[in-house]
Amino acid sequence: MAATVTVLCAVQGPAETDVVLALGAPGAGTTVTRRCGDLAELLAAAAAGTGTVAVVSAELPGLDRDVVARLHAAGTRVVALADDGPLERVLALGVEAVVAGAADPRLLDAVRDTAPIRDPLATAEHDLSELTSPTGPVRRGRVVAVWGPVGAPGRTTTAVELAAELAGLGGAGPRRRRRAGRSAGAAEGPVLLVDADTYGACLAARLGLLDDAPGLAAAARVAARGELDAVTLARLAPVVAGRLRVLTGITRAARWPELSASAVEAVLDTARRVADWTVVDCGPLVEADELLMYDTHAPQRNGATLAALEAADVVVVVGSADPIGVQRLVRALEDLGDVPVPVTPERVVVANRVRASAVGPDPARAVAEALARYAGVERLHTVPDDPAALDACVLAGRTLAEQVPSSSVRAGFAGLAATLRETAGVPAA
Ligand SMILES: Nc1ncnc2c1ncn2[C@@H]1O[C@H](COP(=O)(O)OP(=O)(O)OP(=O)(O)O)[C@@H](O)[C@H]1O
Ligand SMILES: [Mg+2]
């Protein structure tokens, strides 16, 4: 027998009771899991993964294409009730089906038969089954914060490529080039990439996703209510390729108060149950608002980054391999010792965009020597500068492992992933 379809109901007026009765009737194959009073409640219920179909009044205040896209992003299909007015206008919202009302005999079929979401942001149910298995071991993955100073040294690039390598995208490297593609290495576990940069979130755009996914802000909202579990988090973090999931960031910097430190902390704690590795793209600033320190409930501007640094098992510190970038990296490493939260001493330092034109001949050695001398960095990871490769990736919304698997810049990030596996005591892929 087919599984019962879970339905969120956001219907206005007296028709609401009729719809709930029709969907809850014995043998209907459907069940109403939430009766929502307004759009905000509907979106929250969808984000929490409580319904696979939403039945909504076409006239529900605020219902537009953007809202329908957000419901789709949460994996919820939409059936609209419209008893009058032009059908085209309602279909133009992007809903799956339109029926006349509770008495329309097509209602049940419309709810049961709406095709599963094909939106790339939606999450396949089978991927979630392992999270709900009562017999499987509870995963306790590691959290990696990717941080670095201002000046766009490559925090996002490092986070994306590191996550791709940890997820085994594109095979193990140049020697296994023929296996390259959107497939995962068999031995790898799930990897979650989180956009916690509250100044310039961009993972959705970088990976070619629709940027109106609820992502981290929705997860933080559910976490703040104490209701975030592994399945809900996974639903909010669509699979972008192979075993790589992404939790997209806030679409405007002004929305930073939505990502409070306590909510992000709870999200990252749950993330450990979803993924073997959670890689967090952090913002560049780590100062706390001194005046707000006494008010522990006041949101802090850099709370999301501070929460990520505090949660991290290892911090990857990224700097740019040019004279100014190296100077900033030295100061950043000092600053990391002074942040107002406890941060693991486990650090991996990366000099990105290494090139002779910026620092002279043998640039990797020159930068390593400077960092050893001024910041005591004993083991520096260097990643070469390759604008053509990175531009091609950004254009295609793909990772180096998929787009240019045999490039030396990809090898640089693969080496970084190998170091992290080493720090975690995990055998190399
Ligand atoms: N190794 C590299 N070779 C060439 N280009 C690179 C390399 N690493 C990063 N870039 C490019 O540098 C630019 C900035 O990188 P990125 O967005 O990763 O930096 P960021 O530190 O996250 O910046 P922001 O402060 O905007 O968050 C991007 O256009 C990226 O493609
Ligand atoms: Mg960035």
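Read the numbers this way: they start at 1 and go in the same order the structure lists the ligands and their atoms. All values reported here derive from a predicted model rather than from experimental measurement.
Summary of contacts: the protein heavy atom closest to atom 11 (C) of ligand 1 is Arg353 NH1, 3.7 Å. Protein heavy atom in closest approach to atom 15 (O) of ligand 1: Thr157 OG1, 3.6 Å. Among protein heavy atoms, atom 29 (O) of ligand 1 sits closest to Asp391 OD1, 5.0 Å.
Nearest heavy atom pair, residue Ala46 against residue Thr76, reads CB-OG1, 3.5 Å.
Under the 4.0 Å distance rule, the nearest protein heavy atom to atom 20 (P) of ligand 1 falls inside the cut-off.
Of the heavy atoms in Pro384, only backbone atoms (N, CA, C, O) come closer than 4.0 Å to ligand 1. The residue Val150 has no part lying near ligand 1, judged by heavy-atom distances below 4.0 Å. Only the side chain of Asn352 comes within contact range of ligand 1, with a heavy atom under 4.0 Å; no backbone atom does.
Distances shorter than 4.0 angstrom occur between a heavy atom of Pro387 and an atom of ligand 1. Ligand 1 lies nowhere less than 4.0 angstrom from a heavy atom belonging to Pro284.
The nearest non-hydrogen atom to atom 17 (O) of ligand 1, considering only Val160, Thr158, Thr156, comes from Thr156.
Near the Mg ion (ligand 2), less than 2.8 Å away, sit the protein N, O or S atoms Thr156 OG1.
Judged purely by atom type and a 3.5 angstrom limit, Glu165 has no side-chain atom pairing as donor or acceptor with the backbone of Leu416.
Side-chain atoms of Thr198 and Arg301 form a donor-acceptor pair, as typed in the model, at a separation below 3.5 Å.
The shortest N or O to N or O distance between Gly154 and ligand 1 is below 3.5 Å.
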